[in-house]
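Just so it is clear, the values below take in all heavy atoms, side chains as well, and ignore hydrogens, waters and symmetry mates.
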Amino acid sequence: MSRIGIVWPVRIAVAILVIPPLVHLVPMDRLTRWLARLAGRPREAAAPDSELARWVDAALRRLPWPWHLTCLKRTAVLFYVLGRAGRPVELRIGVRHVPGDPLTAHAWLVRDGAVILEPGSSDVSGFETIARFPEISRGEP
C-alpha cells in the first residue's frame with residue numbers, strides 16, 4: 001500500500017465521509033474548531049503532504065454530492081488530515097471579481113505564510129482573503 005500505509009487511508013476515508021457534508025451544515029469557524037480538537041496529537045508517522053492530498057483528491061473526485069470535490073471540501077478534509085499528521089495549516093477563503101465575470105470564491109491552505117497543495121494551475125494570488133481559520137497546533141486540547 002505505497003508509502004501511506006494502512007492507517008492513513010482509513011483515517012482519510014472516515015474524514016471524507018464525515019467532513020464534506022458538514023461543510024453544508026456547520027459554519028466554517030465552528031467546523032474548523034471541531035476539526036482542530038479532533039486532530040489532537042499525531043500518533044503515527046504520515047506520508048508526505050502531497051501523497052495525503054492525492055488520496056483525498058482521488059476519493060472526492062469519485063463521490064457524489066455532498067462529498068464531491070470542491071475546493072472548500074478538499075481544504076476542510078486536508079485541514080483535519082494534515083493537523084492529525086502534526087503539520088499545522090491555516091484554511092483561507094477568498095473572493096475574486098474580474099469585471100464582466102461573476103464573483104469567484106476559492107478555499108486554500110497556507111503553512112508558514114506560503115500556499116500549499118494547490119492543484120495544477122490554481123493561482124490564489126488574485127483572491128482577496130475574506131476568512132482565515134486557525135492553525136491546528138500539536139498538543140492543543
*Mind checking side-chain hydrogen bond (donor to acceptor under 3.5 Å, both in side chains) for Asp57 and listing every partner two or more places apart, or none if nothing turns up?*
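If we apply the side-chain hydrogen bond (donor to acceptor under 3.5 Å, both in side chains) test to Asp57, skipping adjacent residues, the hits are Arg74.
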
Kindly compute the distance separating [atom1] ([X]) from [atom2] ([Y]), expressed to the nearest 0.5 Å.
X      : Y      : atom1 : atom2 : value
Leu91  : Leu109 : CG    : CG    : 5.5 Å
Leu72  : His106 : CG    : NE2   : 10.5 Å
Arg11  : Ile6   : CZ    : CD1   : 12.0 Å
Tyr80  : Leu35  : OH    : CG    : 8.0 Å
Ile130 : Arg92  : CD1   : CZ    : 13.0 Å
Phe127 : Thr104 : CZ    : OG1   : 5.5 Å

What are the two closest non-hydrogen atoms of [X] and [Y], and how far apart are they?
X      : Y      : result
Asp101 : His97  : O-NE2, 3.2 Å
Ile19  : Ala76  : CG2-CB, 3.7 Å
Trp67  : Leu17  : NE1-O, 3.0 Å
Thr32  : Pro134 : OG1-CD, 4.0 Å
Ile16  : Leu60  : CG2-CD2, 3.8 Å
Trp55  : Ile12  : CB-CD1, 3.8 Å

*Tell me, do Pro21 and Pro66 make a side-chain contact under 4.5 Å, heavy atoms counted?*
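When only atoms from C-beta onward are counted, Pro66 and Pro21 do touch, with a gap below 4.5 Å.
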
*Is there a side chain to side chain contact (heavy atoms under 4.5 Å, CB included) between Val124 and Val110 once you walk through the steps?*
CA-CA 11 Å; Val124 302; Val110 173; over 6 Å; no

*Please, which pairs that meet ring pair (Phe, Tyr, Trp, His ring centres under 6.0 Å) have at least one residue in residues 15-34, sequence neighbours excluded?*
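Applying ring pair (Phe, Tyr, Trp, His ring centres under 6.0 Å) to every pair that reaches into residues 15-34, excluding sequence neighbours, yields His24-Trp65.
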
*Can you check side chain to side chain contact (heavy atoms under 4.5 Å, CB included) on Val89 and Leu78, steps first, answer last?*
CA-CA 9 Å; Val89 293; Leu78 285 171; over 6 Å; no

*Identify, with sequence neighbours excluded, every residue that meets side-chain contact (heavy atoms from CB on, under 4.5 Å) alongside Leu25.*
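Expected list: none.
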
*asked:* Is there a side chain to side chain contact (heavy atoms under 4.5 Å, CB included) between Val56 and Leu52? Walk through the geometry before answering.
replied: CA-CA 6 Å; Val56 169; Leu52 295 172; 5.7 Å; no

*Evaluate the side chain to side chain contact (heavy atoms under 4.5 Å, CB included) criterion for residues Arg111 and Arg87: first the C-alpha distance (whole Å), next the side-chain angles of each, then the deciding distance (0.1 Å), finally the verdict.*
CA-CA 8 Å; Arg111 179 183 298 131; Arg87 301 172 188 153; 3.2 Å; yes

